[in-house]
Amino acid sequence: MGISILVAMPPKVRLVGRRLLQAVPALAGIVIVTFLLTRALPGDPAVYFAGPAADAASIAEIRKSLGLDQPLPIQFLAYLGDLVTGNLGMSISTGQPVLHEILTRLPASVELTLIALMMSIAIAVPLGVLAATRPDSWIDHLCRFVVTAGVSLPTFFTGLALVYLFYYLLGWAPPPMGRLDILYLPPAHVTGFYTIDSLLAGDIGAFGSALAHIALPALTLALFTLAPIARMTRASMLQVLGSDFIRTARAAGLSKRKVLFAYGFRNALLPVITTLGMVFSFALGANVLVEKVFAWPGIGSYAIEALVVSDYAAVQGFVLAMALLFVALNLTIDIVYTLVDPRLRLED
């Protein structure tokens, strides 16, 4: 009965279900490894929470209240029980529930990463296509220069250079302090993205301020992420444009535009989509330095502050949130694959 129900499911639903089942062992491994690694962090959270003037008895009492005096298996079972109920614990560095901190800060990081990725795609994909269609031309050399500069310049250096140029010298950018000017209040929470929420609230001033504040950090991250996208687009297009079916299409008298976009670009998309997924995952976890340079209140800077004080619950919550995002992203990529390449649907 169960098998017949699975067979009767549409292929895409079976694909989603199979990917979700495959993610369960990975998530279980992440929970176990994260728990053990956070316990291996240097420092004692009870000492930090008690303060510098606390005596040994006070520290022991706090350690008992946090459950840190129990054996590791008991602590792990208690952690699993909290996870089942959606309780990620209290953050000792902020005094707030970890789930609340993640839900508050995650939209800031996702908004920054998405805008940076859109900027990267808008630059890297056309640049890679043009470089592939004009090998050894000036635009091909420009593509190689951009790729080399993008991967060789550290993000914190690029961010500081942009701040120095556009804020300190030219005065075009706002001070690198947060997501809004102090003159504006945060818009009512709908999506957590200030650029969207301010528009939904009809606050054009707050929208302009949010856009101005996110421009430099997004550009910093985009300069770093466009390198692999441009390189993969160029390489994939070169490979496809040298294929037999492209030569056949040209010999049949099809227009250059149709050969390039209808046959060439579409068949070159799969590795580009794979690269986009990897770049998004990497950028979301690696934008910590960008957030620190621009005082961006995202989840990356929160995780760094939690690591410094051995805030177990916050670090575990951060890693778990990242893992869930990566699983959701991989699932999205698998679904996009089936839309771009019908052969995958047949194989399924």
Side-chain angles (χ1 to χ4, degrees), residues 94 96-126 155 159 162-163 166-167 172-226 229 273 276-303 317-318 321-322 324-333 335-336 339:
T94 64
Q96 298 292 322
V98 173
L99 184 60
H100 170 76
E101 293 283 359
I102 290 176
L103 293 178
T104 304
R105 295 169 179 266
L106 187 59
S109 294
V110 175
E111 183 184 31
L112 173 62
T113 306
L114 282 178
I115 291 182
L117 200 59
M118 286 190 288
M119 294 170 71
S120 296
I121 294 172
I123 298 172
V125 172
T155 52
L162 291 177
V163 169
F166 290 103
Y167 168 64
W172 293 352
M177 298 291 292
R179 305 174 69 184
L180 281 176
D181 286 325
I182 58 174
L183 299 176
Y184 297 100
L185 294 174
H189 183 91
V190 180
T191 64
F193 295 0
Y194 279 8
T195 50
I196 296 177
D197 290 351
S198 56
L199 281 180
L200 294 177
D203 192 344
I204 301 302
F207 171 72
S209 178
L211 206 58
H213 275 76
I214 203 171
L216 285 189
L219 180 60
T220 302
L221 202 55
L223 290 175
F224 177 69
T225 55
L226 67 82
I229 300 173
I273 292 173
L276 283 177
M278 294 174 62
V279 167
F280 181 82
S281 304
F282 183 73
L284 193 60
N287 61 5
V288 176
L289 292 177
V290 179
E291 292 184 0
K292 295 303 287 184
V293 169
F294 291 92
W296 194 259
I299 194 172
S301 56
Y302 173 62
F318 167 77
M322 290 295 103
L324 291 175
L325 274 176
F326 293 163
V327 169
L329 184 64
N330 286 327
L331 183 61
T332 304
I333 292 173
I335 295 173
V336 172
L339 298 177

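Model, not experiment: these values are computed from the prediction.
- Here the closest heavy-atom approach between residue V293 and residue G159 is recorded as CG1-C, 4.2 Å.
- Listed for the E101 side chain is no donor-acceptor partner under 3.5 Å among the backbone atoms of Q96.
- L183 CG: more than 12 foreign heavy atoms inside a 6.0 Å radius.
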Query raised in the report: Given the rule in the side chain to side chain contact (heavy atoms under 4.5 Å, CB included) test, do V190 and I196 qualify, once you have shown the distances and angles that lead to the verdict?
Result: CA-CA 8 Å; V190 180; I196 296 177; over 6 Å; no
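- When atom types are taken as modelled, the side chain of T332 and the backbone of A328 share a donor-acceptor pair closer than 3.5 angstrom.
- Going from atom CD1 of I182 over to atom CE of M177 covers 10.0 Å, rounded to the nearest 0.5 Å.
- Heavy atoms only, all atoms of each residue included: I102 and P107 are closest at O-CD, 4.2 Å.
- Closest approach of R179 and G192 over heavy atoms only: NH2-O, 3.1 Å.
- Between the CG atom in L162 and the CZ atom in F294 there is a gap of 6.0 Å [rounded to 0.5 Å].
- Taking CG from L103 and CG from L99, the interatomic distance works out to 4.5 Å, rounded to the nearest 0.5 Å.
- Note that CG of L200 is 6.5 Å distant from OG1 of T191, once rounded to the nearest 0.5 Å.
- A search for salt bridge (Lys or Arg N to Asp or Glu O under 4.0 Å) contacts involving E291 returns nothing, not counting sequence neighbours.
- Atom CE of M118 is separated from atom OG1 of T113 by 10.5 Å, given to the nearest 0.5 angstrom.
- Side-chain atoms of D181 and P174, non-hydrogen and from C-beta on, do get closer than 4.5 Å to each other.
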Report task. For side chain to side chain contact (heavy atoms under 4.5 Å, CB included), just list the numbers for L106 and M322, CA-CA rounded to whole Å, side-chain angles, deciding distance to a tenth of an Å, and then say yes or no. Result -> CA-CA 10 Å; L106 187 59; M322 290 295 103; 4.1 Å; yes
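- Summarising the geometry of G298 relative to A108, their closest heavy-atom pair is CA-CB, 4.2 Å, with the distance given to 0.1 Å.
- Residues L211 and Y194 fail the side-chain proximity criterion, which asks for heavy atoms closer than 4.5 Å.
- Counting only distance, with no hydrogens or angles, the side chain of S301 and the backbone of W296 share a donor-acceptor pair below 3.5 Å.
- V290 is not listed as a side-chain neighbour of F224, based on a closest heavy-atom distance of 4.5 Å or more.
- The shortest heavy-atom contact between P176 and A295 is O-CB, 3.8 Å.
- Across A222 and M119, no two heavy atoms sit closer than the pair CB-CB, 3.9 Å.
- Between the side chain of D203 and the backbone N or O of S198 there is no donor-acceptor pair closer than 3.5 Å.
- Note that CD1 of I204 and CG of L199 are 6.0 Å apart. Values are rounded to the nearest 0.5 Å.
- Remark: side-chain polar atoms of S109 are paired, donor with acceptor, to backbone N or O of I299 under 3.5 angstrom.
- A heavy-atom distance below 4.5 Å is not found between the side chains of V98 and F318.
- Side-chain atoms of S209 never come within 3.5 Å of backbone atoms of G205 as a donor-acceptor pair (strictly under, hydrogens ignored).
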